[in-house]
Amino acid sequence: MTDSPQRPLRVLAAMSGGVDSAVAAARAAEAGHEVTGVHLALSANPQSFRTGARGCCTVEDSRDARRAADVIGIPFYVWDLADRFKEDVVDDFVAEYEAGRTPNPCLRCNEKIKFAALLDKALALGFDAVCTGHYAKVIVREDGSRELHRASDMAKDQSYVLGVLDDRQLAHALFPLGDTVTTKDEIRAEAARRGLAVAKKPDSHDICFIADGDTQGFLAKRLGKAEGDIVDESGAKVGTHEGAYGFTIGQRKGLRIGTPAPDGKPRYVLDISPVNNTVTVGPAAALDVTALTAIKPRWCGTAPAGPGAYTAQLRAHGDETPVTAELVDGTLHVTFAEPVRGVAPGQAVVLYDGTRVVGSATIAATVRATEPAATT
């Protein structure tokens with residue numbers, strides 16, 4: 001197998017205004033590709049500026065991307081995809097939380113924006129590929145098929161958020177940073193050597209469209225307060241909340257429970273019910289999950305035939321865990337070799353075969369290791 005195609009391509013480089021995407025565009029140009037930079041204007045209020053390492057898609061980011069493109073010596077444009085981003089990412093994010101699920105907006109953005117709306121427009125304009133600053137690798141097999149693999153540097157691997165890409169999208173994806181076995185400081189040093197002013201710019205973190213990091217406040221503004229009960233496993237009321245949408249499975253902090261647990265140990269969110277606006281809490285052991293079902297599978301290649309042994313990753317910076325998985329009538333059934341905690345509906349489960357990304361699906365339901373304790 002070989003890395004992504006070496007022949008010169010017409011490449012559209014998505015430049016966020018950060019150091020990774022700038023270095024990726026520079027490497028693509030240095031490799032001999034005909035590169036054009038594009039910044040995606042995704043914010044409904046582009047006049048707002050990032051706060052430290054939070055936020056993105058601002059006027060500041062657009063200017064940083066333009067300056068980087070000028071230094072690299074490539075054409076640069078700004079494309080307004082704010083309406084599409086709001087519909088496919090932001091509105092979806094709010095709706096998922098309202099339904100008691102925990103979405104990953106980065107996966108949705110890669111699926112719907114960077115490798116759908118952006119890619120479709122790029123192909124219509126005659127480009128061969130979209131280039132991003134993600135740390136992942138596309139491997140081309142001898143038969144011409146493509147595989148998505150983890151980055152060479154596992155510490156920076158971002159293949160989890162790319163697990164939604166299908167064959168067609170992989171055929172037009174370029175990740176120049178995937179083979180980099182270096183620290184982030186060395187990437188910044190490379191940017192400085194290239195004269196890119198973003199070399200010292202802080203990375204963005206958390207959810208890009210929630211610049212202050214207050215997810216609960218963001219949701220409250222859109223969904224309003226909705227007071228409800230916090231109950232224990234027996235159904236006894238132990239507190240109140242101002243909106244079930246503000247909680248996630250496995251959450252410990254911010255529960256504001258006045259009644260101590262009988263065993264004196266911390267309690268965690270076990271279940272979120274939007275139907276009756278109730279949040280159920282209990283001990284950490286009750287979070288153990290032995291299996292799950294997931295819907296809307298997307299495969300980075302051929303769908304698995306029959307049950308198979310894989311490893312699974314359940315969050316962007318989570319560990320791998322051994323599983324067996326089988327696709328039955330369009331639903332993915334996953335069984336864990338050992339119980340795992342903090343698994344929430346709405347999250348993505350991404351399957352791996354070694355370093356190869358097999359595909360991903362959205363978690364619909366989980367099977368707990370223990371049933372709630374009976375009460376008398």
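Proximity of Leu255 to Val269: side-chain heavy atoms (C-beta onward) are separated by under 4.5 Å at one or more points. Annotation: side chain of Glu338 is not in contact with side chain of Thr321 (no heavy-atom distance under 4.5 Å). At least one side-chain heavy atom of His39 sits less than 4.5 Å from a side-chain heavy atom of Asp61. Taking 4.5 Å as the limit, some side-chain heavy atom of Arg27 sits within range of a side-chain heavy atom of Leu177. With a 4.5 Å cut-off on side-chain heavy atoms, Phe218 and Ile207 do not count as touching. Looking only at side-chain heavy atoms (C-beta outward), Pro304 and Val358 come within less than 4.5 Å of each other. At a threshold of 4.5 Å between non-hydrogen side-chain atoms, the residues Thr290 and Thr335 do not count as touching. Considering only heavy atoms from C-beta on, Leu12 comes within 4.5 Å of Trp79 through its side chain.
Judged purely by atom type and a 3.5 angstrom limit, Asp20 has no side-chain atom pairing as donor or acceptor with the backbone of His134. Between the side chain of Arg194 and the backbone N or O of Ala22, no donor-acceptor pair lies under 3.5 Å. Using a distance-only test at 3.5 Å, with no hydrogens or angles considered, no donor-acceptor pair links the side chain of Glu186 to the main chain of Ala189. The backbone N or O of Lys137 lies less than 3.5 Å from no partner atom in the side chain of His149, so there is not a single donor-acceptor pair. Using a distance-only test at 3.5 Å, with no hydrogens or angles considered, no donor-acceptor pair links the side chain of Lys156 to the main chain of Ala151. Under the 3.5 Å distance criterion, the side-chain polar atoms of Asn110 are matched with a main-chain donor or acceptor of Val161. Distance alone, capped at 3.5 Å, places no donor-acceptor pair between the Asp229 side chain and the Val231 backbone.
Put simply, Val281 and Tyr97 are part of two different groups of oily side chains (I, L, V, M, F, W, Y) that touch within less than 4.5 Å, one to the next. Under a hydrophobic clustering in which Ile, Leu, Val, Met, Phe, Trp and Tyr are joined whenever their side-chain heavy atoms come within less than 4.5 Å, directly or via other members, Leu196 and Tyr135 fall into the same cluster. Tyr160 and Val334 are members of different hydrophobic clusters when ILVMFWY side chains are connected at heavy-atom separations under 4.5 Å. Under the 4.5 Å side-chain heavy-atom criterion for ILVMFWY residues, no single connected hydrophobic cluster contains both Met154 and Val350. Criterion: ILVMFWY side-chain heavy atoms under 4.5 Å apart, direct or through other members. Under it, Trp299 and Val349 are part of a common hydrophobic cluster.
Rounded to the nearest 0.5 Å, atoms CG (Leu40) and OG (Ser62) are 10.5 Å apart. Atom CG of Leu162 and atom CG of Leu107 lie 8.0 Å apart (nearest 0.5 Å). Distance SG/Cys300 to CG/Asp166: 8.0 Å, rounded to 0.5 Å. The structure places OG1 of Thr362 at 9.5 Å from CG of Asn104, a figure rounded to the nearest 0.5 Å. The distance from atom CG of Asp157 to atom NE2 of His317, rounded to the nearest 0.5 Å, is 10.0 Å. Atom CD of Glu227 and atom CG of Asn277 lie 9.5 Å apart (nearest 0.5 Å).
Screening Cys106, Pro103, Cys109 against Val89 for a side-chain contact (heavy atoms from CB on, under 4.5 Å) leaves a single residue, Cys109.
When every heavy atom of Val78 is checked against every heavy atom of Ala41, the shortest pair comes out as CG1-CB, 4.0 Å. Between Gly37 and Met15, the closest heavy-atom pair is CA-SD, 3.7 Å. Nearest heavy atom pair, residue Leu174 against residue Ala28, reads CD2-CB, 4.4 Å. Looking at every heavy atom in both residues, Gly18 comes nearest to Val198 through O-CG2, 4.0 Å. Residues Gln169 and Glu111 approach most closely at NE2-O, 3.7 Å, considering heavy atoms. Taking each heavy atom of Leu327 and Leu332 in turn, the nearest pair found is CD1-N, 3.9 Å.
Of the charged side-chain nitrogens involved, none lies within less than 4.0 Å of a carboxylate oxygen, so that Asp128 and Arg10 do not count as a salt-bridged pair. Remark: Asp64 engages Arg67 in a salt bridge, criterion side-chain N to carboxylate O under 4.0 Å. One finds no salt bridge joining Asp214 and Lys221 here, because no Lys/Arg side-chain nitrogen approaches an Asp/Glu carboxylate oxygen to under 4.0 Å.
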Validation: residues 118-126 side-chain donor-acceptor distances under 3.5 Å, sequence neighbours left out:
| from | atom 1 | to | atom 2 | distance (Å) |
| --- | --- | --- | --- | --- |
| Asp120 | OD1 | Arg168 | NH2 | 2.8 |

Which atom pairs, one a donor and one an acceptor, fall under 3.5 Å between side chains of residues 243-254 and the rest of the protein, sequence neighbours left out?
| from | atom 1 | to | atom 2 | distance (Å) |
| --- | --- | --- | --- | --- |
| Tyr245 | OH | Gly224 | O | 2.6 |
| Gln251 | OE1 | Thr248 | N | 3.1 |
| Gln251 | NE2 | Lys253 | O | 2.9 |

Any chance you could lay out the side-chain contact (heavy atoms from CB on, under 4.5 Å) test for Tyr77 and Thr36, step after step, and finish with the verdict?
CA-CA 8 Å; Tyr77 300 92; Thr36 297; 3.7 Å; yes

Working for side-chain contact (heavy atoms from CB on, under 4.5 Å), residues His241 and Ile230
CA-CA 7 Å; His241 62 77; Ile230 299 176; 3.9 Å; yes

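Looking at residues two or more places apart in sequence or on another chain, you find no salt bridge (charged side-chain N to carboxylate O under 4.0 Å, His left out) involving Arg222. Contacts of Asp92 classified as salt bridge (charged side-chain N to carboxylate O under 4.0 Å, His left out), with partners at least two apart in sequence or in another chain: Arg108. Residues passing the salt bridge (charged side-chain N to carboxylate O under 4.0 Å, His left out) test with Glu320, sequence neighbours excluded: Arg150.
A donor and an acceptor atom, one from each side chain of Ser21 and Ser16, are located under 3.5 Å apart.
The number of heavy-atom neighbours closer than 6.0 Å to CG of Asp329, taken from other residues, nucleotides and ligands shown, is 12 or below. Surrounding CG of Asp83 are at most 12 heavy atoms belonging to other residues, nucleotides or ligands under 6.0 Å away.
For residues 332-370, there are no ring-ring contact (aromatic ring centres under 6.0 Å, His included) pairs, not counting sequence neighbours.
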